[in-house]
Amino acid sequence: MLHMNIIRPYAGSDMAACLRLFDGNVPRFFAASERQDFAAFLERLPGKTYLVVERDHIVVACGGHMVETGGETAALCWGMVDHNLQGNGIGRLLTEARLNAVRAEGGVKRVKLDTSQHTRDFYARFGFRAEAVVKDGYGPGLDRWDMLLEF
């Protein structure tokens with residue numbers, strides 16, 4: 001069966017779906033304690049670029065970016081894919097859309113992100129390189145990897 005993936009801007013009505021994605025990725029990719037921060041992030045979204053991927057009218061991924069003051073550095077934030085659909089190219093599609101959105105901002109020279117040991121290799125395939133590693137940085141068994149991509 002061929003699935004149609006649609007990438008579109010986040011809408012307030014997507015909040016419950018995005019929180020479900022988050023919950024499905026705990027504890028492997030996110031610590032449960034981060035849920036409150038993610039919910040607060042979604043509530044304050046105006047002014048930030050955040051995308052969702054829909055497959056067959058269901059939100060299956062979300063993620064965004066923010067350009068820092070000065071405009072030369074952007075940060076990818078809160079990227080996630082439905083845990084049942086990982087490995088199907090949706091994360092690649094979302095990451096490419098996020099990086100294209102960063103490039104469209106103009107003037108951005110580097111993109112940073114923080115992620116866990118479970119997705120560091122995924123981001124390395126896009127050219128991100130490790131800058132720092134904090135063991136248990138997100139919680140027990142969930143290391144924080146700070147990574148950077150320069151254009």
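For clarity, every value in this text was computed on a predicted model and none was experimentally measured.
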ask   = Who pairs with Q117 by side-chain hydrogen bond (donor to acceptor under 3.5 Å, both in side chains), at least two apart in sequence or on another chain?
value = none
task = Could you tell me which residues satisfy side chain to side chain contact (heavy atoms under 4.5 Å, CB included) with A39, sequence neighbours excluded, listed by chain and number?
result = M15, L19
request  = Using side chain to side chain contact (heavy atoms under 4.5 Å, CB included) as the criterion, list what pairs up with A11, not counting sequence neighbours.
outcome  =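 So A11 forms a side chain to side chain contact (heavy atoms under 4.5 Å, CB included) with R8, S13, D14.
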Could you list the donor-acceptor pairs under 3.5 angstrom formed by side chains in residues 132-144, with sequence neighbours left out?
{"from": "D136", "atom 1": "OD1", "to": "G141", "atom 2": "N", "distance (Å)": "2.7"}
{"from": "Y138", "atom 1": "OH", "to": "D114", "atom 2": "OD2", "distance (Å)": "2.3"}
{"from": "Y138", "atom 1": "OH", "to": "T115", "atom 2": "N", "distance (Å)": "3.3"}
{"from": "D143", "atom 1": "OD1", "to": "D136", "atom 2": "N", "distance (Å)": "2.8"}
{"from": "R144", "atom 1": "NE", "to": "D146", "atom 2": "OD1", "distance (Å)": "2.6"}
{"from": "R144", "atom 1": "NH2", "to": "D146", "atom 2": "OD1", "distance (Å)": "3.1"}

message = Could you list the cluster mates of I6? Members are the ILVMFWY residues connected by side-chain heavy atoms closer than 4.5 Å, either directly or through other members.
response =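 For the cluster that includes I6, the remaining residues are M4.
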request  = Name all residues meeting the salt bridge (charged side-chain N to carboxylate O under 4.0 Å, His left out) criterion together with R129; count only those two or more places apart in sequence or in a different chain, and write none if there are none.
outcome  = E131, E150
ask   = Residues two or more places apart in sequence or in another chain: which of them pass salt bridge (charged side-chain N to carboxylate O under 4.0 Å, His left out) with R103?
value = none
Provide the full list of salt bridge (charged side-chain N to carboxylate O under 4.0 Å, His left out) pairs with a residue in [range], sequence neighbours left out, each pair given once.
range            : value
residues 80-94   : R92-E96
residues 116-128 : none
residues 28-38   : D23-R35

inquiry  = The test is side chain to side chain contact (heavy atoms under 4.5 Å, CB included); show your working for V67 and V108 and say whether it passes.
reply    = CA-CA 8 Å; V67 177; V108 175; 4.2 Å; yes
request  = Any chance you could lay out the side chain to side chain contact (heavy atoms under 4.5 Å, CB included) test for R20 and V59, step after step, and finish with the verdict?
outcome  = CA-CA 10 Å; R20 273 194 302 279; V59 174; over 6 Å; no
message = Restricting to ring-ring contact (aromatic ring centres under 6.0 Å, His included), what partner residues turn up for F126, sequence neighbours left out?
response =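 Here the qualifying residues are F122.
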For F22, ring-ring contact (aromatic ring centres under 6.0 Å, His included) partners two or more places apart = F30, F38
key: hydrophobic_cluster_shared for I7 and L85, side chain cutoff 4.5 Å   = yes
query = So if you build clusters from Ile, Leu, Val, Met, Phe, Trp, Tyr with side-chain heavy-atom gaps below 4.5 Å, do L51 and Y10 land together?
reply = no
task = Under the side chain to side chain contact (heavy atoms under 4.5 Å, CB included) rule, what do C62 and W78 come out as? Steps first, then yes or no, please.
result = CA-CA 7 Å; C62 56; W78 294 112; over 6 Å; no
ask   = Rounded to the nearest 0.5 Å, what separation is found between the CE atom of M147 and the CG atom of L113?
value =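 It comes to 6.5 Å.
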inquiry  = Between H83 and N25, is there a side-chain donor-acceptor contact under 3.5 Å, judged purely by atom types and distance?
reply    =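 Side chains of N25 and H83: no pair found under 3.5 Å.
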